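Proteins come first, then strands; the chains are lettered A, B, ... in the order of their sequence lines, and each starts at number 1. This is a predicted model, so every value here is computed, not measured. Just so you know, these numbers use all the heavy atoms, side chains as well, and skip hydrogens, waters and symmetry mates.
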Amino acid sequence: VTGPEPLELHDMQGLVVRGYGSLPYATFLLLHVVDGAAASSLVGRWADVVTSGALSPPPPGSAMNVALTAEGVDRLTAGRAPSGFSEQFVTGMASTYRSRLLGDVDDDAPRTWRWGGPGTEPVHVLVLLYAVTPAELSRGVASVTADAAAYGLKVVAQLDAAELQVNEPFGFHDGISQPLMAGLPKAGPGGDVVRAGEFVLGYRNEYGQRTERPLVPASSDPGRLLPPDADGSGAADVGRNGTYLVVRQLEQDVDGFWDWVGRASARPDGTVDQAARTRLAAKMVGRWPSGAPLVLTPEADDPAQASANDFRYHATDPAGLACPIGAHVRRANPRDALEPHPGSADSLAVNRKHRIIRRGRGYRTDTERGLYFMCLNGNLARQFEFIQHSWVNDPYFNLLDDATDPVCGVRHDGGTSFTAPGLPVRTRYQGLPQFVHVRGGAYFFLPGIGALRYLASRGLG
Amino acid sequence: VPHQEAVTVRAPVRDGELAGLTDLLRRMRDQGDRNEWVDFPQLRGVHFARLFVLDEVRDLKGRPIPASLVYMADVDGRAVDHLRDLATCAGVDALFGACAGYPGSPTPAERAAWLAGHQLRPAARYVHTVGRALGQVHDEARLYVELEQMLDRPDLPRDGSAAGYRSWLADRVRGRSDLAWAGRPPDGVDLAFRVRETVHLVAVPAAALVLMPVLLPLAVVGVLVIRVKEGSDPEETGPVDLRHAEDVEEFEDWAAQNPFTAVGFVKPGIVRALAMRVALLGLDYANRHWYARDNLAGVRSIHFARWVPLDGGRRVIFASSYDGSQESYMNDFIDRLAWGLNLVFSNGVGYPRTRWLLFGGAKDETGFKRYLRRHQVPTVVWYSAYPRYPAPTVDQASRVRAGFLPGAGSSDPAGWLALL
């Protein structure tokens with residue numbers, strides 16, 4: 001019919017459009033609002049300096065974005081938060097029901113979290129800082145921390161990311177497969193293009209509709225800070241150009257992972273077989289360490305295909321002989337592998353309704369390695385939560401039997417097997433430990449820049 | 001083997017008894033499947049069961065409908081036989097004793113008679129696989145697990161042919177007295193049921209054909225009336241009340257399956273009442289004759305479902321047991337069942353706007369998801385006889401078993417072996 005909707009990139013925060021790959025150093029500051037009015041005036045000032053999604057000029061030596069939890073919106077607006085945010089955002093990641101849905105129970109339960117759970121000070125504001133050098137980053141962190149202290153904000157946690165690397169802590173090339181948002185110049189016809197509304201509120205999603213979002217009477221926005229509702233209702237759109245940002249601190253048991261894989265693929269005499277170990281780990285991930293997908297190169301790693309992403313599963317590998325049905329990448333993004341009619345356009349269309357834009361960064365301390373998992377989506381229930389619950393953690397995903405995601409799945413209630421299909425007969429591994437644990441998390445709203453200014457102004461009026 | 005029936009018992013709760021009953025249901029739920037009131041696994045052939053309360057409401061004309069207790073079960077065999085079975089549970093007195101007209105200290109026969117007297121008939125039903133009895137589900141699941149374990153043996157040769165593995169497995173199954181049943185075909189549903197279904201298969205279209213000269217003009221008028229009115233039928237708007245959402249969610253996502261229970265009023269007027277009845281008749285027909293085996297219009301995740309009119313047709317309950325989360329269930333609805341859902345649910349008050357009954361409606365993602373959530377009832381007590389098995393897994397186990405049946409030996413051993 002018509003082309004994609006034009007995107008108001010100048011009003012989007014930069015993280016929506018780019019992962020700041022040119023800024024390898026990052027720190028994420030989690031803040032608690034002590035004094036709402038003072039904090040509002042600071043956040044209002046931040047709205048003038050946050051990095052936008054405008055394509056030019058490219059981001060300079062540093063970037064800053066600001067996001068809010070539901071409680072944060074409430075505090076900054078002095079209890080006058082607009083209604084219409086999604087239930088998932090409003091009730092938060094750490095609610096009892098949501099914990100059950102996400103698998104955050106037992107030793108992953110929010111009460112054990114270092115931040116975001118009931119045992120720590122509530123997080124209201126997230127400031128994401130990126131820089132080209134460690135020194136530049138330190139300057140940014142110091143400045144934001146000083147401002148925060150002066151304006152009634154307290155640091156709950158400072159999450160320092162490790163220098164940006166190609167490989168995630170288990171040693172696999174990460175972040176290869178990203179959906180392209182329709183309307184961006186990179187998103188040509190075909191390819192992995194998904195409608196903008198899946199990732200930014202106020203635009204049409206894969207249903208051709210605008211996802212639920214807060215709309216307010218235009219009269220409540222006398223300064224015209226907000227864009228109008230694109231559906232023409234006359235309301236002002238608090239959601240437009242904003243989106244939901246999921247943050248989860250995921251500790252990765254790197255030694256545990258390689259120990260287990262080494263034992264499971266050991267020679268009959270019990271010694272580790274390096275090649276077999278890499279092969280089994282690749283089977284579990286669905287890509288070789290270089291990133292080369294198993295469906296394209298099933299027998300050995302091929303660095304030439306390290307970034308290959310233009311492939312499907314059903315056409316080349318319906319039974320999972322190359323890339324197991326239960327492999328991490330085949331669960332987190334099954335492409336054309338699922339009902340209805342695997343291999344069909346219908347299957348791909350369903351898949352497009354369950355995509356996320358990943359923006360995570362790794363971290364490393366003396367004792368621990370992991371990922372600050374971050375993703376952007378317009379509909380938390382249909383995108384992030386669905387992937388986590390129905391693909392990653394469902395022990396019966398796509399006719400598997402008692403197998404969660406072998407790499408990042410939970411094993412609280414079984415799910416400890418992994419099957420590598422084979423001819424004439426499959427190999428089933430059992431007793432998989434859990435390799436990834438959640439140590440903190442929250443749902444944030446990453447508002448459009450005008451909406452950030454609007455929300456902050458509500459707390460002053 | 002029997003077919004499956006949907007049992008529904010509903011009775012109004014006496015004044016002053018509601019709080020105690022609500023509390024009882026919660027205690028029952030906390031005690032689990034083998035609770036002191038109804039020991040579900042002891043009852044014969046119960047696939048799923050649930051107990052919940054419908055709150056007091058006023059109908060569209062403002063007349064009060066008292067709160068009521070509802071019991072539902074999906075069972076092998078006839079509903080009356082199940083109620084006789086249920087009536088042996090003394091705990092039934094504690095439950096339905098809160099209801100108007102329940103007899104004091106009843107005998108099991110009196111209990112059964114009272115329960116039978118408070119049954120509601122579903123207007124439409126769905127059974128994932130008609131004729132697959134509870135025993136067969138459990139047996140085939142066990143066979144599936146055993147076969148997987150046989151293939152897990154570390155000394156298993158890796159160089160055989162698929163046919164070789166299959167005959168090796170078949171030999172072992174034959175040699176096991178507890179698995180030997182696998183080689184015999186499951187009994188089909190009984191003759192009386194098959195005759196009844198065949199008559200239904202033919203009689204409904206035949207009757208429609210005979211009555212066509214009368215029905216067709218009525219249908220045309222009805223559709224046109226609805227077309228005019230559906231543009232202005234009020235839609236429910238706005239987000240779902242958070243407290244209500246949390247009340248429903250408290251009873252969701254404890255197993256691989258979930259209960260879904262929702263209730264709503266039928267739009268006023270004879271045309272909508274008739275449209276609802278005709279839509280449910282058509283739905284029931286399709287479910288019984290086209291979707292009686294492993295999927296409902298391509299959706300494989302529903303075990304059982306029913307649509308039950310109540311309060312003289314003023315309201316309808318939709319209740320099902322399905323796999324996975326409510327979000328994935330609703331996505332299946334929107335992506336794959338929208339027309340069928342619209343045909344039925346668009347006769348409900350507040351449903352997202354449809355065009356010509358079939359279009360729009362469920363295609364409004366936000367409006368539809370909110371509508372269903374808003375009309376959901378907390379399913380306080382819910383029992384599943386196989387909570388770890390999604391429907392496609394149950395089907396998979398049946399396909400595995402079918403590989404041992406006479407005549408299956410030569411066809412695609414590699415494909416069969418890949419099931420394990």
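No donor-acceptor pair under 3.5 Å is formed between the side chain of A:T419 and the backbone N or O of A:R428.
For B:D332, no part lies near chain A; criterion is any non-hydrogen pair under 4.5 Å. At a 4.5 Å heavy-atom cutoff, A:S86 makes no contact with chain B through either its backbone or its side chain. Residue B:E246 touches chain A through its side chain alone, counting heavy-atom pairs closer than 4.5 Å. In this structure, the portion of B:Q396 lying under 4.5 Å from any heavy atom of chain A is its side chain and not its backbone. For A:E212, the parts sitting under 4.5 Å from any heavy atom of chain B are the backbone and the side chain alike. The contact between B:R300 and chain A is made entirely by side chain atoms (from C-beta outward), counting heavy-atom distances below 4.5 Å. Both the backbone and the side chain of A:P340 have a heavy atom closer than 4.5 Å to some heavy atom of chain B. In this structure, the portion of B:L156 lying under 4.5 Å from any heavy atom of chain A is its side chain and not its backbone. Proximity to chain B is absent for every atom of A:A319, based on heavy atoms less than 4.5 angstrom apart. Residue B:L242 touches chain A through its side chain alone, counting heavy-atom pairs closer than 4.5 Å.
Both the sub-6.0 Å distance and the 45° axial angle are not jointly satisfied by A:R411 relative to the ring of A:W260. A:R240 forms a cation-pi arrangement with A:Y203, by the criterion of a distance under 6.0 Å to the ring centre and an angle within 45° of the ring axis.
Interface remark: of the candidates A:P395, A:G414, A:P424, A:G422, A:P424 forms the most heavy-atom pairs closer than 4.5 Å to chain B. Annotation: maximal heavy-atom pairing with chain B below 4.5 Å, among A:D346, A:L423, A:D413, occurs at A:D413. Looking only at heavy-atom pairs under 4.5 Å with chain B, the residue among A:K353, A:Q430, A:H341, A:E87 that has the most is A:E87. Chain B forms the most heavy-atom pairs under 4.5 Å with one residue out of A:H389, A:R210, A:R426, and that residue is A:R426. Between chain B and the residues A:D394, A:D401, A:V350, the most heavy-atom pairs under 4.5 angstrom are made by A:D401.
Side-chain contact check for A:I325 versus A:L399: every heavy-atom pair is 4.5 Å or farther apart.
A donor-acceptor contact under 3.5 angstrom links the side chains of B:E236 and B:H375, judged on distance only. Between the side chains of A:T271 and A:D269, at least one donor-acceptor pair of N or O atoms lies under 3.5 Å. Checking B:S398 against B:E140 by side-chain atom types alone, a donor-acceptor pair falls below 3.5 Å.
Here the two rings, on B:W416 and B:Y165, have centers that are 6.0 Å apart or farther. Ring pair B:Y371/B:Y351: centre-to-centre distance below 6.0 Å. In this structure, the ring of B:Y386 has its center less than 6.0 angstrom from the ring center of B:F48.
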